[in-house]
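Notes for the one structure printed next.
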Amino acid sequence: MGYKAKFRIWRGEGGEGRLEDFTVEVNEGEVVLDVIHRLQATQTPDLAVRWNCKAGKCGSCSMEINGRPRLGCMTRMSTFEESETITVTPLRTFPVIKDLVTDVSFNYQKAREVPSFTPPADVKPGEYRMQQVDVERSQEFRKCIECFMCQNVCHVIRDHEENKPNFSGPRYFIRIAELDMHPYDVAERKEPAQEEHGLGYCNITKCCTEVCPEHIKITDNAIIPMKERVVDRKYDPLVWLGSKIFKR
Ligand code: SF4
Ligand code: F3S
Ligand code: FES
């Protein structure tokens with residue numbers, strides 16, 4: 001059965017904006033993105049929202065619904081009370097372009113700062129041999145749909161613009177961890193993770209893991225093991241000896 005829902009949506013651009021109230025029809029089986037599209041069709045043709053697949057796979061429709069980061073296309077209206085006012089705002093950690101659309105280029109910049117897969121020079125493509133266990137370990141991280149909701153909730157940058165230059169964020173910690181776990185990747189990942197990508201800023205609050213729509217265990221399976229390997233390297237007697245000899 002259809003009903004009329006109350007929506008409060010953030011509208012604005014150029015650093016200014018406000019919440020606007022709407023009453024809009026909802027039909028059985030709909031998701032928040034359907035309702036936003038109905039608003040565009042019937043009341044606010046200029047309401048900006050980013051979306052693409054409507055199937056939880058492109059990561060475009062990230063927004064904050066009642067203060068929590070969610071995919072608009074995967075948030076069923078049936079999870080709310082019919083009498084509830086649903087508040088929809090843009091991701092807070094990134095600058096707003098217009099209405100619900102944010103500028104997520106910070107994330108692409110951070111992606112470019114992670115050197116790509118670096119195999120040994122003497123192993124040719126086609127010669128790589130991996131254990132199934134190594135394939136499966138990194139498979140989890142490759143499920144990332146780049147919705148950037150983990151980046152959005154991480155307190156290190158959510159309220160601290162000043163940390164952005166020195167912190168790549170959980171999405172890129174899983175990328176670095178994936179490469180570091182790869183048996184054929186020979187690039188040095190541990191020191192850069194700590195020194196350039198800001199792994200040390202993470203104090204394991206696990207907010208990133210909580211919001212990941214792909215249920216990637218960002219903290220337990222990527223960040224904590226990566227932190228352990230960084231520490232192991234630091235206290236490895238051979239590395240220590242090497243650094244002393246090198247300094248002479
Ligand atoms: Fe989104 Fe999860 Fe990827 Fe983060 S790790 S960008 S929350 S899919
Ligand atoms: Fe941020 Fe996740 Fe660490 S939310 S503090 S990167 S555990
Ligand atoms: Fe693609 Fe929502 S539109 S994830």
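As the structure lists them, so they are numbered: ligands from 1, and atoms in each ligand from 1. Side-chain atoms are counted along with the backbone in the values below, which use heavy atoms only and exclude waters and symmetry mates.
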Can you report which non-hydrogen protein atom sits closest to [atom], along with the distance?
atom                    : value
atom 8 (S) of ligand 1  : Ile145 N, 3.4 Å
atom 2 (Fe) of ligand 2 : Cys208 SG, 2.3 Å
atom 3 (Fe) of ligand 2 : Cys202 SG, 2.3 Å
atom 2 (Fe) of ligand 1 : Cys212 SG, 2.4 Å
atom 7 (S) of ligand 2  : Lys206 N, 3.2 Å
atom 1 (Fe) of ligand 2 : Cys154 SG, 2.3 Å

Under 4.0 Å, heavy-atom basis, I'd like to know which part of Glu146 is in contact with ligand 1: side chain, backbone, both or neither. backbone
Under 4.0 Å between heavy atoms, the region of Val211 that gets near ligand 1 turns out to be neither
Region of Ile223 that comes within reach of ligand 2 [heavy atoms, distance under 4.0 Å]: side chain
So if I count the atoms of ligand 1 from 1 in the order they appear, which ones are less than 4.0 Å from some heavy atom of [X]?
X      : result
Ile218 : 5 (S)
Cys144 : 3 (Fe), 5 (S), 6 (S), 8 (S)
Phe148 : 1 (Fe), 6 (S)

If you look at every heavy atom in Arg8 and Asp21, which pair is closest and at what distance? NE-OD1, 2.6 Å
Heavy-atom pair with the smallest gap, counting every atom of Val186 and Pro120: CG1-CG, 3.9 Å
Below 4.0 Å from ligand 2: does a non-hydrogen atom of Thr205 turn up there or not? yes
What protein N, O or S atoms come within a distance below 2.8 Å of atom 1 (Fe) of ligand 3, ordered by chain and number? Cys53 SG, Cys58 SG
With a 4.5 Å cut-off on side-chain heavy atoms, are Phe22 and Thr44 touching? yes
State the atoms of ligand 2, each with its element, that fall below the 4.0 Å cut-off from a heavy-atom position in His155. 5 (S)
Below 2.8 Å, can you find an N, O or S atom of Cys147 next to atom 1 (Fe) of ligand 1? yes
Identified ring pair (Phe, Tyr, Trp, His ring centres under 6.0 Å) partner of Phe167 from the options Phe173, Phe106, Tyr172: Phe173
